[in-house]
Amino acid sequence: MNFEDIIYTELSQIPFGHTMSYGQLARRAGFPNYARQVGRVLKNLPKNTQLPWHRVVNSQGKISFPAQSDGYKEQRGRLISEGIPVINDKTKKPYFLG
DNA sequence: CAGGGGGCTAAGG
DNA sequence: GCCTTAGCCCCCT
């Protein structure tokens with residue numbers, strides 16, 4: 001098993017409605033200090049992947065995409081659909097179910 | 001080999 | 001909140 005496969009399996013273990021940081025996921029996979037590599041793996045995931053990549057956020061609990069980017073919106077939508085609040089930096093209010 | 005850059009992190013101003 | 005520095009590891013040009 002290579003690094004990517006280990007990350008895939010570890011990623012698939014994150015339960016619905018939960019999030020985990022890149023570094024946390026890396027450590028759980030047995031690769032401390034590999035947060036950036038986790039980011040690289042997620043970036044290269046095929047668009048059709050079934051893996052819950054959206055459940056991975058940075059160490060501040062925030063989405064690691066530029067706030068206007070498509071990736072940001074996509075991840076935000078997925079998190080909200082799981083009941084996970086996402087703070088809007090502008091209004092300081094959380095997007096949430098409803 | 002050198003340089004630049006990532007879905008990163010922790011620590012400081 | 002913003003920004004910079006330093007450390008990390010790997011990828012691409």
Side-chain angles (χ1 to χ4, degrees):
Chain A
M1 260 202 147
N2 57 41
F3 177 74
E4 299 189 0
D5 291 328
I6 296 175
I7 294 303
Y8 294 156
T9 55
E10 206 58 50
L11 175 59
S12 68
Q13 306 300 311
I14 306 177
F16 183 99
H18 290 230
T19 59
M20 171 180 300
S21 77
Y22 298 86
Q24 210 174 325
L25 178 57
R27 286 194 298 278
R28 287 199 41 142
F31 292 86
N33 305 321
Y34 271 61
R36 305 202 73 149
Q37 298 320 299
V38 171
R40 177 182 65 75
V41 171
L42 297 194
K43 180 180 189 174
N44 297 326
L45 283 174
K47 189 177 182 299
N48 54 35
T49 184
Q50 297 301 308
L51 294 170
W53 55 269
H54 56 283
R55 295 180 189 147
V56 182
V57 294
N58 63 31
S59 64
Q60 334 255 316
K62 300 195 300 187
I63 294 174
S64 283
F65 273 124
Q68 301 288 337
S69 65
D70 291 4
Y72 181 92
K73 297 172 186 170
E74 171 67 19
Q75 185 168 10
R76 184 186 64 189
R78 285 168 176 264
L79 290 176
I80 293 173
S81 72
E82 294 195 6
I84 300 169
V86 177
I87 303 295
N88 181 320
D89 276 319
K90 277 291 192 183
T91 67
K92 308 304 180 191
K93 295 161 135 186
Y95 291 103
F96 203 54
L97 290 181

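Just so you know, these numbers come straight off a predicted model, no measurement behind them. Here is how names work: the chains are called A, B, and so on, in the same order as the sequence lines, proteins then strands, and each is numbered from 1.
A/E82 has no carboxylate O lying under 4.0 Å from a charged side-chain N of A/R78, or vice versa, which leaves the two without a salt bridge.
If you check residues 55-64 of chain A against DNA chain B, the residues with a heavy atom closer than 4.0 Å are A/V56, A/N58, A/S59, A/S64, listed by number. Within residues 9-32 of chain A, the residues having any heavy atom under 4.0 Å from DNA chain B are, by residue number, A/S21, A/Y22, A/G23.
With contacts defined as side-chain heavy-atom distances shorter than 4.5 Å, the pair A/M1/A/Y8 does not qualify.
Counting only residues at least two apart or on different chains, no salt bridge (Lys or Arg N to Asp or Glu O under 4.0 Å) pair has a member in residues 84-97 of chain A. The ring-ring contact (aromatic ring centres under 6.0 Å, His included) pairs that include a residue from residues 71-92 of chain A number zero, where partners must be two or more places apart or lie in different chains. Each ring-ring contact (aromatic ring centres under 6.0 Å, His included) pair with one or both residues in residues 32-52 of chain A, not counting sequence neighbours, appears once here: A/F3-A/Y34, A/F31-A/Y34. Residue pairs meeting the salt bridge (Lys or Arg N to Asp or Glu O under 4.0 Å) criterion with at least one partner in residues 4-20 of chain A, sequence neighbours excluded, are A/E4-A/R40, A/E10-A/R28.
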Check residues 12-27 of chain A and write down every donor-acceptor pair under 3.5 Å in which the side-chain atom is one partner and the other belongs to a residue at least two apart or another chain.
from, atom 1, to, atom 2, distance (Å)
A/S12, OG, A/T9, O, 2.6
A/Q13, NE2, A/T9, O, 3.2
A/S21, OG, A/Q24, N, 3.0

Give every donor-acceptor pair under 3.5 Å between a side-chain atom in residues 57-68 of chain A and any protein atom, sequence neighbours left out.
from, atom 1, to, atom 2, distance (Å)
A/N58, OD1, A/Q60, N, 2.9
A/N58, OD1, A/G61, N, 3.2
A/N58, OD1, A/K62, N, 2.9
A/N58, ND2, A/K62, O, 3.3
A/N58, ND2, A/S64, OG, 3.3

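Taking the salt bridge (Lys or Arg N to Asp or Glu O under 4.0 Å) definition, one finds that A/R76 meets it with nothing, sequence neighbours left out. For A/I87, the side-chain contact (heavy atoms from CB on, under 4.5 Å) criterion is met by A/P94, not counting sequence neighbours.
We find that CG of A/N44 is positioned 13 Å from P of B/dG6, with the value rounded to whole Å. The CG atom of A/L42 sits 10 Å away from the P atom of B/dC8 (whole-angstrom rounding).
Checking side-chain atoms of A/Q75 against main-chain N and O of A/K73 turns up no donor-acceptor pair under 3.5 Å.
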Please list each protein N or O that sits under 3.5 Å from an N or O in nucleotides 10-12 of chain C, with the distance.
from, atom 1, to, atom 2, distance (Å)
C/dC10, OP1, A/Y34, OH, 3.0
C/dC10, O4', A/Q37, OE1, 2.9
C/dC10, O4', A/Q37, NE2, 3.1

Check: Dot-bracket for DNA chain C, 5' to 3', with Watson-Crick and G-U pairs under 3.5 Å, [ ] for crossing pairs and | for other-strand pairs: what is it?
Finding: .||||||.|||||

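Within the model, atoms CG of A/L42 and CD of A/Q37 stand 11.0 Å from one another, a figure rounded to the nearest 0.5 Å. In this structure, CH2 on A/W53 lies 10.5 Å from CG on A/L11, to the nearest 0.5 angstrom.
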